[in-house]
Protein chains: 2
Amino acid sequence: MSGMAVGRRAGSYVCGVDAAMDVIGGKWKVLILWALSERPHRFGELRRAVPGVTEKVLAAHLRELEADGIVHRREYEEVPPRVEYSLTPRGVALNEALEPLGAWGKANVLGQAPEPVA
Amino acid sequence: MSGMAVGRRAGSYVCGVDAAMDVIGGKWKVLILWALSERPHRFGELRRAVPGVTEKVLAAHLRELEADGIVHRREYEEVPPRVEYSLTPRGVALNEALEPLGAWGKANVLGQAPEPVA
DNA sequence: CGGTATCCCTGTCGATACTG
DNA sequence: CAGTATCGACAGGGATACCG
């Protein structure tokens with residue numbers, strides 16, 4: 001269950017939706033967004049909030065989200081290293097734009113068989 | 001950068017959004033939905049409407065979307081084979097739920113650099 | 001704590017050829 | 001026209017180990 005695609009067509013998009021898919025097209029990105037929408041998280045917190053993700057992939061996704069202007073990375077210069085990730089205004093807007101999709105998924109994928117369309 | 005993932009966790013979802021991502025997580029699925037939202041398409045029409053997709057992948061995506069209750073496949077028993085794909089009510093609802101995301105992508109990914117958050 | 005470096009597995013996707 | 005069958009390529013993602 002890996003090796004999807006979508007990824008980084010960098011400008012050759014047909015519509016806004018597939019452009020957005022490029023941003024949230026990682027396996028754990030929406031889960032990261034969801035966690036950060038509640039409150040800022042530290043790296044270790046995120047790892048626990050997104051069960052199953054590895055450090056490598058989590059770090060890679062965070063870097064991409066940061067590059068896309070979705071998450072903000074704040075590094076505290078303290079003795080025990082501490083980094084906090086939070087949503088940028090753009091990230092907040094993305095999350096809000098994702099809400100109808102979440103409602104659809106909740107109603108049409110979760111909690112029922114794939115058949116009952118009505 | 002290709003090879004997304006997400007794929008078929010079949011029930012172990014954390015929220016509605018990642019459940020929905022499982023349905024639209026193919027490389028060309030949102031483009032297929034977008035084309036079908038305008039009007040029903042035949043197989044060959046879809047191939048032209050979704051530039052770059054191969055027959056194999058297009059057929060596979062259509063089968064998955066059909067299994068998920070998103071598209072309806074109507075086969076006409078005619079001399080020149082003819083099949084028409086259209087959106088089910090659930091597919092129409094999915095498209096509507098995708099609209100805010102499309103607007104976000106249009107405003108935040110298309111038409112500008114990744115920086116200008118404001 | 002917060003990562004990075006390696007290696008490998010996997011699935012998805014792509015190209016071509018062929019069938020009803 | 002509308003697919004299916006094979007084959008192979010590719011890149012993301014997982015596991016583990018290690019560093020500042």
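Quick note on labels: first sequence line is chain A, next is B, and so on, each numbered from 1.
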Q. Where along nucleotides 15-20 of chain C does protein come under 4.0 Å, by heavy atom, of base (B) or sugar-phosphate alone (S), with - for untouched nucleotides?
A. B----B
(Q) As a test of reading the structure: which of C:dC13, C:dG3, D:dG14 is closest to the side chain of B:Val57, going by heavy atoms? (A) C:dC13
Q) Tell me: CD of A:Glu77 to C1' of C:dG3, nearest whole Å? A) 14 Å
Q.
The criterion is side-chain hydrogen bond (donor to acceptor under 3.5 Å, both in side chains); which residues satisfy it with A:Arg73, sequence neighbours excluded?
A. A:Glu75, A:Tyr85
Q) Taking five pairs at each end, how big is the angle between the two axes of the helix from C:dC1-D:dG20 to C:dG20-D:dC1, to 10°? A) 50°
Q.
How many whole angstroms separate atom CG of A:Leu58 from atom P of D:dG13?
A. 12 Å
Q. Within less than 4.0 Å of OP1 or OP2 of D:dG3, is there a side-chain N or O belonging to B:Arg73?
A. yes
Q: Could you check how far CZ of B:Arg63 sits from C1' of D:dA5, rounded to whole Å?
A: 11 Å
Q | Which atom of A:Gly105 lies closest to which atom of B:Ala19, heavy atoms considered | A | O-CB, 4.4 Å
Q | Value in whole Å for how far the C1' atom of D:dT4 lies from CZ of B:Arg47 | A | 13 Å
Scan the side chains in residues 93-100 of chain B for donor-acceptor partners under 3.5 Å anywhere in the protein, sequence neighbours excluded, and list what turns up.
{"unit_1": "B:Asn95", "atom_1": "ND2", "unit_2": "B:Leu33", "atom_2": "O", "d": "3.2"}

Q: Taking side chain to side chain contact (heavy atoms under 4.5 Å, CB included) as the test, write out the residues that go with B:Pro40, two or more places apart.
A: B:Glu84, B:Ser86
Q | Between C1' of D:dG13 and CG of A:Leu31, the distance in whole Å | A | 15 Å
Q: Give a yes/no on whether any side-chain N or O of A:Arg42 is located under 4.0 angstrom from OP1 or OP2 of C:dC1.
A: no
Q) Hey, is the side chain of B:His61 poking within less than 4.0 Å of OP1 or OP2 on C:dT12, counting only N and O atoms? A) no
Q | Whole-Å gap separating P (D:dA2) and OH (B:Tyr76) | A | 12 Å
Q | salt bridge (charged side-chain N to carboxylate O under 4.0 Å, His left out) partners of A:Glu78, counting only residues at least two apart | A | A:Arg82
Q) Atom CG of B:Leu87 and atom CG of B:Leu65: how far apart are they, to the nearest 0.5 Å? A) 9.0 Å
**Q.** Closest contact, heavy atoms only, A:Leu46 versus A:Ala35
**A.** CD2-CB, 4.0 Å
Q) How long is the line joining CZ of A:Arg82 and P of C:dG3, in whole Å? A) 13 Å
Q: Please name the pair of heavy atoms, one in B:Val30 and one in A:Met21, separated by the smallest distance, quoted to 0.1 Å.
A: CG1-CG, 3.9 Å
Q: Starting from C1' on D:dG20, measure out to CZ on A:Phe43 and report it in whole angstrom.
A: 14 Å
(Q) As an exercise, state the distance from CG of B:Asp22 to NZ of A:Lys27, rounded to the nearest 0.5 Å. (A) 9.5 Å
